[in-house]
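Keep in mind that this is a model prediction, so the values were computed, not measured. Quick note on labels: first sequence line is chain A, next is B, and so on, each numbered from 1.
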Protein chains: 2
Amino acid sequence: MQNRQITIAELPKGTLTEGHFAAADAPMPEPGDGEVLLRTILMSIDAANRSWMQGATYRDAVNAGDAMPTYAICEVVDSNSPRLSKGDIVAAESVWATYVARPAHKCQKLPDIRPLSHLMSVYGIAGKTAFHGLVGVGRPIAGETVLVSAAAGSVGSIVGQIAKALGCRAVGIAGGAEKCNWVVEELGFDACVDYRDPGMGKALRAACPDGVDVYFDNVGGAVLESALFSMNTRGRVVCCGAISQYDTTAPSGPRNLPGLVVVKRLRMEGFIVMDFADQDATALRALQTWVGAGQIKVQEDIVDGLDAAPGALIGLLGGDNRGKRMVRVGSDPA
Amino acid sequence: MQNRQITIAELPKGTLTEGHFAAADAPMPEPGDGEVLLRTILMSIDAANRSWMQGATYRDAVNAGDAMPTYAICEVVDSNSPRLSKGDIVAAESVWATYVARPAHKCQKLPDIRPLSHLMSVYGIAGKTAFHGLVGVGRPIAGETVLVSAAAGSVGSIVGQIAKALGCRAVGIAGGAEKCNWVVEELGFDACVDYRDPGMGKALRAACPDGVDVYFDNVGGAVLESALFSMNTRGRVVCCGAISQYDTTAPSGPRNLPGLVVVKRLRMEGFIVMDFADQDATALRALQTWVGAGQIKVQEDIVDGLDAAPGALIGLLGGDNRGKRMVRVGSDPA
């Protein structure tokens, strides 16, 4: 048994590149008292990973020399705790590595749903983020128009499908005609607008003839600014992320903020998926219902091998994923 | 009887100046069927007046050649409607003029509270905006810290005093040391930070050692950006106005938006005082209680004469007022 891990060689100041990471063989971790040894199966690749490199957020700052943190699904291969047994499947705040040791009480035992990747996509962080943000924060009502940015991404792709299941008009924003077509044809959105199109504002108005009641924002910046112009009075802006602002040295704010928030009486509200942990069972049941009824198609974008992780994250920040991106480090147990 | 009115000679593109207005004698209005002739007593001077010149907001756009719109308190001097009688005191959407004719059903009969100026300050738009925004949108709880910008202004001066009455720490933001001293000494705020001070961020942190739970924003722009850095998790930003953005050709957005809204799970919500009209009686009772108990000092800044109105508005945009600014066009009836 050999361990391997990827550390942050240098914190990025602007655009993230492969040179900011270093992969190396590493000593096999030895679990202490109350700890378990985990074999990494899947690592979640999220835009939020990049924001962690900007300083302390809802978690501690990440520093140069640290192993790159990640949310992971793992198998317990050795246990020094009565809480978990060899063979258990758990979710954990982990790092980019093939093996890690973690306190057993910080690992969450997962139900036996296969493939395990579904516990990271529709039944995992992505699905729960989409559900809690749209249903818990945005609260759309059948007949309303829901707009979502990063519509081809892990969360956005599910947000639009939930909106459709709830009887809303679902409109996406994505980068490039090919991706926009995929959002409409494959995911069933009513329309999708290309944010790279110089006439985006006009296209947005055409795609939302009755205005926008709920905007689920994953990107911030210029797209948020455009979306605000299309909001209806008493519209809700669900602030889920700001991917356009993470990988830059020159963040810019929407110039119509807070002016339009006042004039249109908008509610903008931020959330983190963990805030709604007490409603995860409700979310899971709803998502399973919609998947079972064919109203949500599960979209997974799995990249193979630990060493591919830096490229997978860099590519995601450039928008090359379709649905939930993850890195497969090891196989699902039999 | 002679009428006089002030029109908008030219819409401002940048900073508002006296040259954008033209005062002239005008024909005496003749009230039609169902209309009343009103004698203007007091005109409200508000930052929002300037925003009306930027295009359509929650009201129609104002155009060059129009008489300058205003909220006014007037006496009915002639009536062609059974709804109102000569001598009634009413509030109306009016214009900068000594006399206007208005449909009686669009005039709101006012209670006989003297001086009438109190119906424009603490018991009028300013007091109601402060009450509904702070209590209805911000919902502070005793022990929390309430931060308010334009703290020496009509709304801000009352927001901080209500916060104190509710058992909160009240911290203001205002322009210049003299004004900040006035906010603390005269209005009883716990602290007031000068936004012109280059070390404003540090001063804000010192004035709010436990962070900010509710930020009542009247200004937007760079001050909003600074305030967001001081917000606590689950803080609320009451979006009441954006005075820093009205009188400019280069509006700028807070660069930490929506990033900090997500990370801190902030709720930003805009409102217009009219949205809460059904709770005006509750607001009035609370304000009268606090004024009666000496917890709110009424601050009025009354400028004399119709022709002084342009200068009164321009000065207000530059921050030269203390409390609620209005223009006295005629005397209170006996």
Report which part of B/L266 has an atom under 4.5 Å of a heavy atom belonging to chain A: side chain, backbone, both, or neither. backbone
Heavy-atom pairs under 4.5 Å with chain B are the metric here; pick the option from A/V219, A/L257, A/D275, A/L224 that has the most. A/D275
Nearest heavy-atom neighbours spanning A/V262 and B/I272: O-CD1, 3.7 Å
Got a second to check how far A/R255's CZ is from B/Q245's CD, nearest 0.5 Å? 11.0 Å
Cut-off 4.5 Å, heavy atoms of chain A, and the answer for B/D217 is side chain
Report which part of B/R234 has an atom under 4.5 Å of a heavy atom belonging to chain A: side chain, backbone, both, or neither. side chain
Looking at B/C240, B/G220, B/G221, which one has more heavy-atom pairs under 4.5 Å with chain A than the rest? B/C240
Closest non-hydrogen atom pair between A/C239 and B/P258, with its separation: SG-CB, 4.1 Å
